[in-house]
Amino acid sequence: HADIAMYRAKQGGKNNITFYAPEMNAVDAARSAVEQHLRGALDRHELTLAYQPLHNAQGLVVGVEALLRWQNAALGNVPPTTFIPVAEDTGLIIPIGQYVLNEACRQLAAWRAHGTAVDRMSVNVSPAQFAREDFVDIVRRALQHHRLDGRDLELELTERLIIRDVPGVSRKMSELRALGVRLSIDDFGAGNSALNYLMTLPVNTLKVDRAFVQALDQTPGAHRIVQAIVALGHALGLDVVAEGVETPAQLLQVRELGCERTQGFLLGQPVPPENIRA
Ligand code: C2E
Ligand code: MG
Ligand code: MG
Ligand code: MG
């Protein structure tokens, strides 16, 4: 790591060495530790799924979102915002994503077999997973294996997927829709959004990025932004989900604005599967 830090510092000019080398060294070292431990995480059964409920406007649970959790002996609890980017860069997201899809389907089927009615499972999908030629087959097989219907599943995609122009995105989306699988745009409005894809791609749902929802309490303009996103979604015949709802005032506003579903710490934290029944 000293070599890499030195190399980078040199690129930035001689005088930067003493200031920047130690900091870069620490960042690179932390990332490489995550990568090293992540490699064996699946085999060691360190990855699990937590489930966060989604509620309809009447306050009933209409589904859950599966969220990865990683507990490692050396690193402790590592949040997905830290390890998902590493998994994406290293290709580990392929086996990890496969685990998530399969485990989430298995869990939904298990809940139902034990009388816990959960309408739908939402699963996050990285661009690299979607880019795989066999992605639709993988989804089809997971559904079949657990005797689920396509309508039981919602895949959460990000705008990164569309902006990167992943091969076959339009065809794969149509094939998934033909299976009954619903497609949601996660973190809508947060990144470098382009709206043109909404004209052509068979999307079902917009999830308003939680930054907008949380700004409802503080920023006067936030109300109009969420209002406009809901109007856009509804004009296109899409469902709108408000994520990151933390306060009663936010909940009231997103419901008044017409969001069909809400998700957030106010109504339910991500919890282990055994807590979902309660
Ligand atoms: P996301 O898909 O947008 O998931 C929502 C995130 O917001 C979750 O964070 C959730 O715990 C958090 N959240 C929910 N309600 C609230 C709230 O009221 N307030 C606040 N402050 N946060 C709330 P988490 O579990 O840390 O996941 C972060 C991101 O990691 C996810 O964002 C998703 O992009 C990614 N991720 C998680 N699991 C997976 C997975 O299985 N596959 C892939 N590809 N990405 C995943
Ligand atoms: Mg999500
Ligand atoms: Mg989100
Ligand atoms: Mg997010």
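As the structure lists them, so they are numbered: ligands from 1, and atoms in each ligand from 1.
- By heavy-atom distance, the residue among K207, Q129, E246 lying nearest atom 20 (C) of ligand 1 is E246.
- The Mg ion (ligand 2) is closest to atom OD2 of D186 (considering only N, O or S atoms).
- The atoms of ligand 1 that sit less than 4.0 Å from any heavy atom of D186 are 1 (P), 2 (O), 3 (O).
- In Q263, neither the side chain nor the backbone holds a heavy atom less than 4.0 Å from any atom of ligand 1.
- The Mg ion (ligand 2) has N124 among its coordinating residues (N/O/S atom, backbone or side chain, under 2.8 Å).
- Considering D209, V240, L257 in turn, L257 is the only one that fulfils the side-chain contact (heavy atoms from CB on, under 4.5 Å) rule with V226.
- The contact set between ligand 1 and Q214, taken as ligand atoms under 4.0 Å from a residue heavy atom, comprises 19 (N), 20 (C), 21 (N).
- Closest to atom 43 (C) of ligand 1 by heavy atom, among N124, L101, L157, D209, is N124.
- Summarising the contacts of atom 3 (O) of ligand 1 with I93, T82, D187, the nearest heavy atom is found in D187.
- Distance check for D209 against the Mg ion (ligand 3): none of its N/O/S atoms falls below 2.8 Å.
- Nearest N/O/S atom of E156 relative to the Mg ion (ligand 2): this is OE1.
- Looking at R69 against ligand 1, only its side chain comes within 4.0 Å, counting heavy atoms.
- Close contacts between ligand 1 and E243 involve ligand atoms 3 (O) [criterion: under 4.0 Å to a heavy atom].
- Per-residue contacts place P270 under 4.0 angstrom from the following atoms of ligand 1 (heavy atoms of the residue considered): 11 (O).
- Each salt bridge (charged side-chain N to carboxylate O under 4.0 Å, His left out) pair with one or both residues in residues 266-278, not counting sequence neighbours, would appear here, but there are none.
- The option with the heavy atom closest to atom 41 (O) of ligand 1, from among T158, L68, V125, is L68.
- Between R39 and E35 there is a salt bridge, with a side-chain nitrogen of the basic residue lying less than 4.0 Å from a carboxylate oxygen of the acidic one.
- Considering backbone and side-chain N/O atoms, R210 comes within less than 3.5 Å of an N/O atom of ligand 1.
- With sequence neighbours left out, the salt bridge (charged side-chain N to carboxylate O under 4.0 Å, His left out) criterion links R224 to no other residue.
- Closest to the Mg ion (ligand 2) among the N, O or S atoms of E65 is OE2.
- Contact check on R106 versus E103 returns a salt bridge, with a Lys/Arg side-chain nitrogen under 4.0 Å from an Asp/Glu carboxylate oxygen.
- Taking a cut-off of under 4.0 Å to the non-hydrogen atoms of V245, the atoms of ligand 1 that pass are 18 (O).
- Contact atoms of ligand 1 toward S126: 44 (N) (distance under 4.0 Å to a heavy atom of the residue).
- Of all atoms in ligand 1, listed by their number and element, those nearer than 4.0 Å to a heavy atom of Q52 are 14 (C), 15 (N).
- Considering backbone and side-chain atoms alike, F265 places an N or O below 3.5 Å from some N or O of ligand 1.
- Donor-acceptor pairing under 3.5 Å is lacking for the side chains of S122 and E65.
- Close contacts of ligand 1 with G244, meaning ligand atoms under 4.0 Å from a residue heavy atom, involve 16 (C), 17 (C), 18 (O).
- The atom of D187 that is an N, O or S and sits closest to the Mg ion (ligand 3) is OD1.
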